[in-house]
Amino acid sequence: MDSYQTPWCIILCLMECSRRGKLRKHVNCLRKWFRMGLEPLAGRYNILIDGLFRNGRAEAGYTLFCDLKKKGQFVDAITFSIVVLQLCREGHLEEALQLVEEMEGRGYVVDLVTITSLLIGFHKHGRWDWTERLMKHIRDVNLVPNVLKWKAEMEVSMKRKSKKKDYTPMFPTKDIREIMNLMGSTDSEMDTNLGSEDDRVKDEENPPSDIDQWSSSPYMDKLANQVNSDDHSSQLFSLSRGQRVQEKGMDSFDIDMINTFLSIFLAKGKLNLACKLFEIFSDMGVNPVSYTYNSMMSSFVKKGYFNQAWGILSEMGENVCPADIATYNVIIQGLGKMGRADLASSVLDKLMKQGGYLDVVMYNTLINALGKAGRIDEANNLFEQMRASGINPDVVTFNTLIEVHSKAGRLKKAYKFLKMMLDSGCSPNHVTDTTLDFLGREIEKLRYQKASIMPNKDGSS
DNA sequence: GTAGGGTTAG
């Protein structure tokens with residue numbers, strides 16, 4: 001279909017990103033299109049297809065893929081990989097395998113990323129036994145067995161660590177002031193905010209002489225020393241040589257691979273396994289990236305293990321990406337849950353000064369933290385600021401606002417947000433249902449109260 | 001350009 005070759009598809013994609021408030025994706029997408037010019041090459045369609053999948057337009061993505069495939073010249077191995085991933089996400093494992101077969105048939109290399117997508121899909125949907133079937137399809141006979149071997153060895157290493165009990169503090173405990181120091185905030189405003197609650201300003205103790213004074217991570221040094229003394233696990237599988245290669249084969253068993261497996265543990269709530277994995281690759285000198293830290297932190301914060309979460313933050317040290325919005329989001333979420341939503345604005349200032357920006361997720365987190373802390377007006381102000389800056393509220397925003405106002409007894413306002421949500425074409429979800437149940441009960445309660453007060457006042461029913 | 005991270009209830 002010719003329409004796919006017109007700039008309309010580009011505009012559509014950008015509109016999708018924009019509509020959902022994915023400003024960062026939106027901007028990245030724009031940059032990519034510009035960088036690539038306007039030739040109809042596979043790479044550009046890959047971005048478009050991926051964008052459609054990620055923005056709830058799977059059908060459009062599949063249709064586009066099929067049309068392009070018929071034409072032949074606009075698809076490549078990555079296109080297939082993207083579609084295989086989407087099929088896995090949706091649990092269409094049979095179709096995913098068929099597509100892999102077709103890939104091989106057409107001579108495209110099935111690489112590590114594709115394999116990993118499939119294995120995660122199998123794992124999620126309880127079809128681990130399908131790996132056998134997968135192997136039959138892949139021309140590179142060693143790739144799947146190597147992944148499985150890597151996984152098995154990783155699990156053996158983790159068993160060795162099992163003497164430790166769950167959630168042992170891997171990291172030193174930090175207090176709020178230290179957290180703020182980690183964020184590099186030296187503002188006087190911060191000191192005012194912190195007030196007298198935290199007067200014992202602890203300077204970092206001088207590190208023991210056997211630790212490199214210049215190291216950004218004394219904890220890593222400690223681990224490194226441990227590795228030197230005992231431990232044979234570092235020979236089990238080699239990660240340090242992991243380098244990006246054109247077609248991702250065995251050389252790509254790197255931090256990306258670890259992040260992938262880490263996310264499986266975290267998704268299942270197995271924080272202890274995730275910690276062990278973290279320790280193992282730390283032992284081996286593999287450097288975690290923001291992605292890794294953010295996933296771990298988020299899981300800890302969700303469970304209320306704030307010390308561990310802040311410990312990770314301190315572990316990141318200088319490696320904190322100064323404008324990583326996901327990191328900041330976790331911090332604000334954590335502060336909110338610790339009852340220190342009042343510190344959010346200071347953290348935000350820091351983010352903005354470093355060139356960061358707020359997206360829909362960040363606004364939702366902030367509105368939630370402020371609302372739960374009873375700072376309803378501030379939450380409302382943020383909502384206005386959000387809309388003024390061109391970010392459309394989504395279902396999470398509205399759910400949060402409805403809940404916060406309901407619980408604060410501002411039922412009319414809560415109802416107003418419900419109406420606003422429906423008027424803007426935003427579909428409610430299962431969380432909305434639960435929240436509305438609560439709102440409904442509150443409204444009933446109020447009616448009942450009024451009804452029982454009225455007769456006493458004027459004698460009528 | 002493809003795996004993997006950040007938000008809402010109960």
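Chain letters run A, B, ... following the sequence lines, proteins first and then strands; every chain starts at 1. It should be emphasised that the depicted structure is a prediction, and the values quoted were computed from it without experimental measurement.
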Residue A/Thr435, side-chain atoms from C-beta onward, closest of B/dA9, B/dG1, B/dT7: B/dA9
The nucleotide from B/dT2, B/dG5, B/dG6 with an atom nearest the side chain of A/Ser263 is B/dG5
Give a yes-or-no answer on whether the side chains of A/Glu90 and A/Gln86 include a donor-acceptor pair shorter than 3.5 Å. yes
Would you call A/Arg106 and A/Asp76 a salt bridge, taking side-chain N to carboxylate O under 4.0 Å as the test? no
Of the candidates B/dT8, B/dG4, B/dG6, the side chain of A/Thr260 sits closest to B/dG4
Tell me which nucleotide among B/dG10, B/dT2, B/dT8 gets nearest to the side chain of A/Asp111. B/dT2
Distance, rounded to the nearest Å, where A/Phe53 contributes CZ and B/dG1 contributes C1': 14 Å
Would you mind reading off the distance between A/Asp359 atom CG and B/dT8 atom P, rounded to a whole angstrom? 14 Å
Choose from B/dT7, B/dG6, B/dT2 the nucleotide whose nearest atom is closest to any side-chain atom of A/Val330. B/dG6
note: A/His430, atom NE2; B/dG10, atom P; distance rounded to Å ~ 12 Å
Taking CG from A/Leu118 and P from B/dG4, how many angstroms apart are they, rounded to a whole number? 12 Å
A/Glu384 with A/Arg387: basic N within carboxylate O range, under 4.0 Å: yes
Expressed as a whole number of angstroms, how long is the span from A/Met297:CE to B/dG5:P? 14 Å
What contact category does A/Asp433 fall into here, base, sugar-phosphate, or nothing, at under 4.0 angstrom with non-hydrogen atoms? nothing
hbond_proxy A/Ser117 side chain to B/dA3 base (donor-acceptor, 3.5 Å cutoff): no
Taking only Lys NZ, Arg NE, NH1 and NH2, and the carboxylate oxygens of Asp or Glu, determine whether A/Glu155 and A/Lys151 approach each other closer than 4.0 Å. yes
Which part of the nucleic acid, if any, lies within contact of A/Thr116, taking any heavy atom under 4.0 Å across all strands shown: a base, the sugar-phosphate backbone alone, or nothing? base
Treating A/Asn399 as the side-chain partner and A/Val395 as the backbone partner, does any N or O pair qualify as donor plus acceptor under 3.5 Å? yes
Donor-acceptor pair between A/Asn364 and A/Thr400 side chains, under 3.5 angstrom: no
Using whole Å, what does the distance between atom C1' of nucleotide B/dT2 and atom CD of A/Gln86 come to? 12 Å
Closest approach to the side chain of A/Val431, judged atom by atom: which nucleotide of B/dG5, B/dA9, B/dG4 is it? B/dA9
Heavy-atom donor-acceptor pair, A/Asp324 side-chain to B/dG6 base, under 3.5 Å: no
Which nucleotide in the list B/dG1, B/dT2, B/dG5 gets nearest to the side chain of A/Leu85? B/dT2
Whole angstroms only, please: what is the CE-C1' distance between A/Met386 and B/dT8? 12 Å
Nearest-neighbour nucleotide for the A/Ser298 side chain, B/dG6, B/dT8, B/dG5 considered: B/dG6
For DNA chain B, which residues in residues 398-411 of chain A have a heavy atom at a distance below 4.0 Å? A/Asn399, A/Thr400, A/Glu403, A/Lys407
Charged N to carboxylate O below 4.0 Å: is that the case for A/Glu442 and A/Lys407? no
Can any side-chain N or O of A/Ser389 pair as donor or acceptor with the backbone N or O of A/Met386 at less than 3.5 Å? yes
Does the A/Ser117 side chain pair with the main chain of A/Val113, one donor and one acceptor, at a distance under 3.5 Å? yes
Ignoring hydrogens and angles, does a donor from either the side chain of A/Asn329 or the base of B/dG5 sit under 3.5 Å from an acceptor on the other? no
So which nucleotide from B/dG4, B/dG6, B/dG1 ends up closest to the side chain of A/Gln333? B/dG6
Side-chain N or O of A/Arg441 less than 4.0 angstrom from OP1 or OP2 on B/dG10? no
Quiz question: going by heavy-atom distance under 3.5 Å, is there a donor-acceptor pair between the base of B/dG10 and the side chain of A/Asp437? no
Between A/Lys337 and B/dT7, does any side-chain N or O lie under 4.0 Å from OP1 or OP2? no
Distance in angstrom units between A/Phe417 CZ and B/dT8 P, rounded: 18 Å
Is there a donor N/O on one and an acceptor N/O on the other, under 3.5 Å, for the side chain of A/Thr365 and the base of B/dT7? no
Side chain of A/Lys302: nearest nucleotide among B/dA9, B/dG5, B/dT7? B/dT7
